[in-house]
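Letters A, B, ... are given to chains in the order of the sequence lines, protein chains preceding strands, and every chain is numbered from 1.
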Amino acid sequence: GEDVEQSLFLSVREGDSSVINCTYTDSSSTYLYWYKQEPGAGLQLLTYIFSNMDMKQDQRLTVLLNKKDKHLSLRIADTQTGDSAIYFCAESIRFNKFYFGSGTKLNVKP
Amino acid sequence: DAGITQSPRHKVTETGTPVTLRCHQTENHRYMYWYRQDPGHGLRLIHYSYGVKDTDKGEVSDGYSVSRSKTEDFLLTLESATSSQTSVYFCAISEQGTGPNTEAFFGQGTRLTVV
């Protein structure tokens, strides 16, 4: 399969910014995504970025894409306790196949 | 929420028994996927379908088979369940094409335990 890698854990204090990083290997990725999974639930799309973009901002979320280094990041500004969840990056390539990273568990301390 | 229903939501089965998980969608999306989620591995693609009767293998297809006889239903079968298949299984759907329509929508998951 394709290699999409993320660090497993991140802990921040409420009100701080969180930065979750992801690296991928397939340069033919068309879209890259960030999904959020809350306990006991499925995954929900947070945001996505087209592969020819460098940055996308969506309210508290900022996605940065460095295509040369195949590095994707998600910044959450003013992190809240409700942001505690597992965050997955994913890429879509041929035939609409999606490959996911292992997920980063974000813990937000009050 | 996208109209995706997985059944059953929870199942405990014995080693060596056959198990079928069902994914039903009401969105008329062309693509359907089965993933398994395991700690430290994220989501790994088992099989996917790009149309009725059109399926292909994913990364971890050994021990699994699928069928799609109707647009709305995608079945995942474990012919002879093993303890290594204890996992949470997610079904996902997406439309064809590029752009935001390639977003995958996920079901709520099926927790399968093989004892």
| request: Consider only side-chain heavy atoms of I, L, V, M, F, W and Y, link residues closer than 4.5 Å, and tell whether V19(A) and I86(A) are in one cluster. | output: no

| request: Sort Q37(B) into side chain, backbone, both or neither according to what part of it lies under 4.5 angstrom from a heavy atom of chain A. | output: side chain

| request: Determine, step by step, whether Y99(A) and R44(B) satisfy the side chain to side chain contact (heavy atoms under 4.5 Å, CB included) criterion, reporting the C-alpha distance in whole Å, the side-chain angles of both residues, the deciding distance to 0.1 Å, and the verdict. | output: CA-CA 7 Å; Y99(A) 290 97; R44(B) 291 181 290 175; over 6 Å; no

| query | Should L10(A) and L8(A) be counted in the same cluster of Ile, Leu, Val, Met, Phe, Trp and Tyr side chains packed under 4.5 Å apart? | reply | no

| said: Between F9(A) and V12(A), is there shared hydrophobic-cluster membership here, with clusters defined by ILVMFWY side-chain heavy atoms closer than 4.5 Å? | reply: no

| request: Would you check if the distance from the ring center of Y35(B) to the ring center of F100(A) is below 6.0 Å? | output: yes

| field | Rounded distance (nearest 0.5 Å) linking atom CG of L43(B) with atom OH of Y35(A) | value | 10.0 Å

| task | Please answer: with hydrophobic residues joined when any side-chain heavy atoms are less than 4.5 Å apart, are M53(A) and L61(A) in the same cluster? | result | yes

| message | Taking 4.5 Å as the heavy-atom cut-off, does anything in residues 101-110 of chain A contact chain B, and if so which residues? | response | G101(A), S102(A)

| field | Contact origin within Q6(A) toward chain B - heavy atom pairs under 4.5 Å | value | neither

| query | Which atoms of F88(A) come close to chain B, meaning under 4.5 Å heavy atom to heavy atom: side chain ones, backbone ones, both, or neither? | reply | side chain

| query | To the nearest 0.5 Å, what is the distance between CZ (F98(A)) and CG (L45(B))? | reply | 10.5 Å

| remark: The reported gap from CZ in F105(B) to CG in L45(A) (rounded to nearest 0.5 angstrom) is 7.5 Å

| request: Please check if L65(A) and L46(A) belong to a single hydrophobic cluster, counting links between Ile, Leu, Val, Met, Phe, Trp and Tyr side chain heavy atoms closer than 4.5 Å. | output: yes

